[in-house]
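None of the values given here were measured: they were computed from a predicted structure.
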Amino acid sequence: MEKKRNPWSWIPSLYMAEGLPYVAVMTISVIMYKRLGISNTDIAFYTGWLYLPWVIKPFWSPFVDLIRTKRWWTVTMQFLIAIAFACIAFSLPTSFFFQFTLAAFWLVAFTSATHDIAADGYYMHALDDHEQSLYVGIRSTFYRVATVAGQGLLVILAGVIEMNSGLEPVQMEVKANEHHIEVNTVSPASANTPYFYFTSMESESSSASYVKQKNEENGFVKKEVELAAKEKETPGWLDQELALFTGWVRETFGEEPREVSALAPRQQMVGVTLSERPHNEEPVILNIAFKNGDQSISLDGKSPRFEFTKDNWDKQALLLVSVDPKLKGETVATFEGLSGNIPFAWLVVFVVMSVLFFLAAVYHQFILPKPQSDHPAQGVTARTIAREFMETFRTFFTKKNAVIAILFMLLYRLPEAQLVKLITPFMLDPVEKGGLGLTTGEVGFVYGTVGIIGLTIGGILGGMAAAHGGLKRWLWPMVCAITLPDLVYVYLSYVQPSSMFIINACVFIEQFGYGFGFTAYMLYLIYFSEGAHKTAHYAICTGFMALGMMLPGMAAGWLQETIGYRHFFVWTILCCLITFIITAFLKIDPQFGKKTK
């Protein structure tokens, strides 16, 4: 019999391997394409489709259940992801990199979604009920670690390579207060090579459209194809009915209208100049991004990218610096311009990711236990595959209490599904519009630091609690934890405190409760998936989970704009009743998750 391995030896690495490809496809690809000069239209359209494999993964999850072991699928997909990352890396220096990298990202997305199915199924085979409860918070934590490492450390690596492979980096320091914006070039390059510098500019028109037009005219940016919006001359019957319904909701449930003063952002136009003609007549690409300081100071376009050539090097590219109108007092931010070998920088990043996944696959090949329950189906043929495929879905939907379980998957997170879309706008909107009037930098700290800490601690403690007493014992405390802390937003919307301590404390409480309460949801998905086809059934459960987050979130913005923040947050508290009602119908084995002697 194989010696039992400590789950700490493989759970962290397995779930980091699950999170990293997702962030590579959904986040890193967008940053890379922006650096490489792909238009926003193309980036949004083509990368948006890359999410599809995760949406439809339940449809091929039965094959993972039928063919080979979950351990084999997990390791094989990691090898394939390593190959796909290598394909992305070595297609970047080519002239047709966009088409090739998109194809490779599709391969990453498909293999990653398959890896998710296999890894989640393997987790259920390799651990008993007690261990599944104990480590559910650990796996979620390391998934988040992979997300932070992917969109943080790997992007930083690309930036470091850019910094050391082209012209010397240049930094722009922006100082701002309520009345004045000052721009300085703080680190110009040496005089014996071309270098960039920034200068404040005065213009009768400093709008974003003017800056965009001038940069396109001078060839610093490519013209983007405008998507023609079809204007409706007369609203149709459905539009009229929706307008009437919206009006009725606003009059019946909406807040009293408030006096709202328009707060226009303070802006300063900045010129970017190259000191001399590019050497070797080759274009010089300049990417400008936020480096450090107060994020209440930003650049229009987020991360501008300019192309200086032999034809336009003696002209000025234009930037628009924006300062949050709610900012009080003096603050400073630094932006950095990098003009290195961008394809090479991202080539190195994806080579690193490829090597990491190859090493992870080799490591997991040796370290992952071989549970006896993880075995392929017997006598698999094309005919049996088709029959078992249908059987997988039939057995899922005919499980005992399947209707209640599906409703639970869809409705347990109903309040949070609506809240998550409106929390950031609520924080940013001015007080007279019902928000808290925080600056961008303050919101980044509240949710990027305090919120993440609360979420992580809640998740880990939730796993430990469930492992101690079992899912049934902790179900109701966790239901309360994921719903009742939403009351903090009712408090914040009515009181609208200016104290950052109070705001941070409220967010910590809500995020801690969400992390603690989400444990019950994940464990119930595992519990309902037990039995034959558990891997495929868990994948179907995650499909319902995604649907339960997507549909309420789509309507949340309309509802908030119709009835206001205060009544919207009261509405989310009322939605908690639905979570309580559907939870009351659940039937759970009291021993599930408990440690057995």
Side-chain angles (χ1 to χ4, degrees), residues 20-57 60 76-116 150-151 154-155 157-159 161-162 165-166 215-216 219-228 282-287 289 301-309 338-358:
L20 193 56
Y22 180 83
V23 77
V25 171
M26 304 308 297
T27 303
I28 296 178
S29 65
V30 174
I31 299 172
M32 182 189 76
Y33 285 138
K34 185 66 177 177
R35 292 292 208 196
L36 292 168
I38 304 300
S39 71
N40 290 346
T41 302
D42 286 342
I43 291 173
F45 180 77
Y46 290 107
T47 61
W49 281 102
L50 293 175
Y51 188 68
L52 185 62
W54 281 280
V55 175
I56 62 174
K57 69 179 182 180
W60 70 85
T76 302
M77 291 304 104
Q78 289 175 5
F79 277 118
L80 286 177
I81 291 170
I83 294 170
F85 280 146
C87 291
I88 294 171
F90 294 109
S91 62
L92 284 170
T94 66
S95 59
F96 39 81
F97 75 90
F98 188 49
Q99 295 88 338
F100 268 40
T101 54
L102 273 177
F105 273 122
W106 266 102
L107 178 59
V108 172
F110 186 82
T111 51
S112 178
T114 307
H115 178 270
D116 291 357
Q151 60 191 15
L154 291 173
V155 174
L157 173 62
I161 297 171
E162 287 184 34
S165 61
N215 284 332
E216 289 178 348
F220 293 114
V221 299
K222 295 177 181 178
K223 289 187 177 181
E224 291 190 16
V225 178
E226 297 291 339
L227 297 177
E282 293 183 359
V284 177
I285 308 299
L286 178 69
N287 282 283
K302 303 301 181 185
S303 298
R305 178 188 189 276
F306 300 129
E307 183 173 340
F308 290 79
T309 67
L338 301 175
S339 55
N341 189 331
I342 297 170
F344 176 73
W346 289 102
L347 182 150
V348 172
V349 167
F350 280 97
V351 165
V352 168
M353 294 175 72
S354 177
V355 171
L356 286 175
F357 259 85
F358 179 78

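Atom CD1 of residue I81 and atom OG1 of residue T76 lie 11.0 Å apart, to the nearest 0.5 angstrom. To the nearest 0.5 angstrom, F110 atom CZ is 10.5 Å from L80 atom CG. Here the CG atom belonging to L154 is positioned 12.5 Å from the CE atom belonging to M32, to the nearest 0.5 angstrom. Separating the CG atom in N341 from the CD1 atom in I161 is a distance of 9.5 Å, to the nearest 0.5 Å. The OG atom of S95 sits 9.5 Å away from atom CZ of F100, with the distance rounded to the nearest 0.5 Å. Here the CH2-CG distance, from W346 to L157, works out to 8.5 Å after rounding to the nearest 0.5 Å.
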Q: Show your reasoning for whether ring-ring contact (aromatic ring centres under 6.0 Å, His included) applies to Y46 and Y33.
A: CA-CA 11 Å; Y46 290 107; Y33 285 138; 9.0 Å; no
Q | Test side chain to side chain contact (heavy atoms under 4.5 Å, CB included) applied to T111 and I83, step by step | A | CA-CA 11 Å; T111 51; I83 294 170; over 6 Å; no
Q.
Let's go through W54 and S112 carefully: what are the C-alpha distance in whole Å and the side-chain angles of both, what is the deciding distance for side chain to side chain contact (heavy atoms under 4.5 Å, CB included) to 0.1 Å, and is it a yes or a no?
A. CA-CA 8 Å; W54 281 280; S112 178; 3.3 Å; yes
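Dense packing is recorded around CZ of F98, with more than 12 heavy atoms of other residues, nucleotides or ligands lying under 6.0 Å away.
Smallest separation of non-hydrogen atoms from A24 and M353: CB-CE, 3.5 Å. Here the shortest heavy-atom pairing between L20 and V23 reads O-CG1, 3.1 Å. When all heavy atoms of S354 and A82 are compared, the closest pair comes out as OG-O, 2.7 Å. Summarising the geometry of L347 relative to P93, their closest heavy-atom pair is CD1-CG, 3.6 Å, with the distance given to 0.1 Å. Taking both residues in full, the closest heavy atoms of V25 and A109 are given as CG2-N, 4.1 Å, listed atom of the first, atom of the second, then distance. Of all heavy-atom pairs between E307 and P283, the closest is OE2-CB, 3.7 Å.
Here the side chains of L92 and L36 are in contact, with some heavy-atom distance below 4.5 Å.
Taking the six-membered ring where tryptophan is involved, the planes of F85 and F350 are tilted, since the angle between them lies from 30° to 60°. Note: F306 and F308 have perpendicular aromatic rings, judged against thresholds of 30 and 60 degrees for the angle between ring planes.
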